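Nothing here was measured: the structure is a model prediction, and the numbers come from that model.
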Amino acid sequence: MDDYSLLMRAADWNTTQKSVYTEIAERILRGNSRGRRMIALDGRPGVGKSLLAIELRVALARAGATSFVASMSDFKNERAVRERQGRESATGYYDDTYNLSELKRNLIEPFLLGGSTAFVLDAYDAHAEQFVEPDWTTTGPDAILLVEGEFLARPALSRLWHGFIRVEAADAVRGSRMAKRDGAHPIVTHPSHAQREQANAHYESICDPVSRADIVFDNSDWESPVIR
């Protein structure tokens, strides 16, 4: 999305969205005014992390800041690794879904190095089950990387972030969104959601991402988001 498209997207915001997104962008920039900075957008499936990441890119662009978005979904392990503890294992989902080595080596470490060091924003296509051809990106000395996904307060990642946003939404809303997006069952307590829900419950019990968060963003209503 080019700079013009980013700025034009803000024209679709209502008053509440404009106020909330602008406040979050201001808080990000207030705490991280210069250099390369990384902000985590953490939450369960269906809370709207990817949409929030886009809107924050818009808000940051309006404030004159350069930003990029990366999704943990684009840094998954191969299927054989993801399923080595069993296809339905919640522990396996937490331990093995994401390729943290690839994430650090090709995105986080080069991004933080600055200068002309190039980084990649995606590494694996889980639909095609194959690594993607690297698309190397560079940027100036002052830039923000928004990383959205699950388990971002886990010990292997928790100290990397310059800011941490926990995104939440009501279970009924999450289920409805996943049904529309993925054709999933609309009730998150259905057995088809058990693996991810149990993995996220485990993560929340050991990492307490809400307490870790600088901002808790309630996205239950797209039109009326709330900072808690």
Side-chain angles (χ1 to χ4, degrees), residues 20 24 27-28 31 38-53 55-56 69-77 81-104 107-108 126 145-182 184-222 225-228:
V20 169
I24 295 175
R27 288 171 66 171
I28 289 172
M38 301 194 306
I39 309 298
L41 279 64
D42 175 78
R44 289 197 181 202
V47 295
K49 302 180 294 296
S50 58
L51 178 62
L52 176 60
E55 304 299 11
L56 291 184
V69 172
S71 173
M72 291 298 291
S73 296
D74 296 321
F75 287 89
K76 286 186 175 181
N77 279 309
V81 177
R82 299 199 307 269
E83 297 181 355
R84 62 187 171 188
Q85 297 186 58
R87 295 185 64 182
E88 305 300 326
S89 170
T91 301
Y93 186 88
Y94 177 72
D95 291 342
D96 300 325
T97 295
Y98 300 107
N99 190 333
L100 303 186
S101 296
E102 187 81 14
L103 177 76
K104 291 179 179 179
L107 174 57
I108 290 175
L145 176 63
L146 303 166
V147 180
E148 63 92 1
E150 302 170 293
F151 314 144
L152 298 183
R154 66 195 307 164
L157 299 176
S158 63
R159 295 184 180 181
L160 296 172
W161 313 119
H162 299 89
F164 191 92
I165 300 172
R166 174 67 178 182
V167 187
E168 300 199 326
D171 284 349
V173 173
R174 293 197 301 118
S176 175
R177 289 175 182 168
M178 287 187 285
K180 292 177 181 177
R181 183 187 68 195
D182 307 321
H185 195 283
I187 300 175
V188 297
T189 54
H190 186 268
S192 60
H193 293 287
Q195 183 187 34
R196 293 185 76 174
E197 290 295 297
Q198 290 170 13
N200 273 275
H202 167 71
Y203 158 70
E204 290 160 9
S205 72
I206 62 173
C207 298
D208 196 5
V210 172
S211 293
R212 167 74 170 79
D214 302 297
I215 294 171
V216 178
F217 179 83
D218 190 324
N219 211 22
S220 296
D221 184 345
W222 295 123
V226 176
I227 297 174
R228 294 201 272 107

Can you tell me how far the [atom1] atom of [X] sits from the [atom2] atom of [Y], to the nearest 0.5 Å?
X: Tyr203; Y: Phe151; atom1: OH; atom2: CZ; result: 8.0 Å
X: Leu52; Y: Phe217; atom1: CG; atom2: CZ; result: 4.5 Å
X: Leu146; Y: Glu55; atom1: CG; atom2: CD; result: 12.0 Å
X: Ile215; Y: Ile165; atom1: CD1; atom2: CD1; result: 4.5 Å
X: Arg174; Y: Ile187; atom1: CZ; atom2: CD1; result: 12.5 Å

Query raised in the report: Given Trp222 and Asn219, is the side chain to side chain contact (heavy atoms under 4.5 Å, CB included) satisfied, shown in steps?
Result: CA-CA 6 Å; Trp222 295 123; Asn219 211 22; 3.1 Å; yes
If every non-hydrogen atom of [X] is compared with every non-hydrogen atom of [Y], which pair is closest and at what distance?
X: His193; Y: Ala184; result: CE1-CB, 3.7 Å
X: Asp42; Y: Ala153; result: OD1-N, 4.2 Å
X: Leu41; Y: Lys49; result: O-CD, 3.6 Å
X: Ala126; Y: Lys76; result: CB-CD, 3.8 Å
X: Ile24; Y: Ile227; result: CG1-CD1, 3.7 Å
X: Met72; Y: Gly149; result: CG-CA, 3.9 Å

Check for a donor-acceptor pair, side chain of [X] on one end and backbone N or O of [Y] on the other, with a separation under 3.5 Å.
X: Gln195; Y: Ser89; value: yes
X: His162; Y: Ile39; value: no
X: Arg177; Y: Val47; value: yes
X: Ser205; Y: His202; value: yes

Query raised in the report: Given the rule in the salt bridge (Lys or Arg N to Asp or Glu O under 4.0 Å) test, do Arg82 and Asp96 qualify, once you have shown the distances and angles that lead to the verdict?
Result: CA-CA 5 Å; Arg82 299 199 307 269; Asp96 300 325; over 6 Å; no
Non-hydrogen side-chain atoms of [X] and [Y] separated by less than 4.5 Å:
X: Val188; Y: Met178; result: yes
X: Pro45; Y: Asn200; result: yes
X: Asn99; Y: Val81; result: no

**Report entry** Step-by-step salt bridge (Lys or Arg N to Asp or Glu O under 4.0 Å) determination, Asp214 to Arg27
**Finding:** CA-CA 9 Å; Asp214 302 297; Arg27 288 171 66 171; over 6 Å; no
Report task. Decide side chain to side chain contact (heavy atoms under 4.5 Å, CB included) for Arg154 and Leu100; before the verdict, give the C-alpha distance in whole Å, the side-chain angles of both, and the deciding distance to 0.1 Å. Result -> CA-CA 11 Å; Arg154 66 195 307 164; Leu100 303 186; 4.0 Å; yes
Query raised in the report: Which of parallel (below 30°), tilted (30 to 60°) and perpendicular (above 60°) describes His185 and His190?
Result: parallel
Report task. State which residue, out of Glu204, Glu168, Glu150, fulfils the salt bridge (charged side-chain N to carboxylate O under 4.0 Å, His left out) condition with Arg44. Result ->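 Option passing the salt bridge (charged side-chain N to carboxylate O under 4.0 Å, His left out) with Arg44: Glu204.
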Report task. Please check if any side-chain donor atom of Tyr93 sits under 3.5 Å from a side-chain acceptor atom of Arg196, or the reverse. Result ->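 Side chains of Tyr93 and Arg196: pair found under 3.5 Å.
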Requested in this report: Check the pair Leu107, Phe75 against side chain to side chain contact (heavy atoms under 4.5 Å, CB included), reporting the backbone distance first and the verdict last.
Outcome: CA-CA 10 Å; Leu107 174 57; Phe75 287 89; 4.0 Å; yes
Query raised in the report: How about Arg181: does its CZ atom have over 12 heavy atoms from other parts shown lying under 6.0 Å from it?
Result: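 Yes, enclosed.
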Report task. Apply the test side chain to side chain contact (heavy atoms under 4.5 Å, CB included) to residues Ile108 and Val147: give CA-CA distance (whole Å), side-chain angles for both, the deciding distance (0.1 Å), then the verdict. Result -> CA-CA 10 Å; Ile108 290 175; Val147 180; 5.7 Å; no
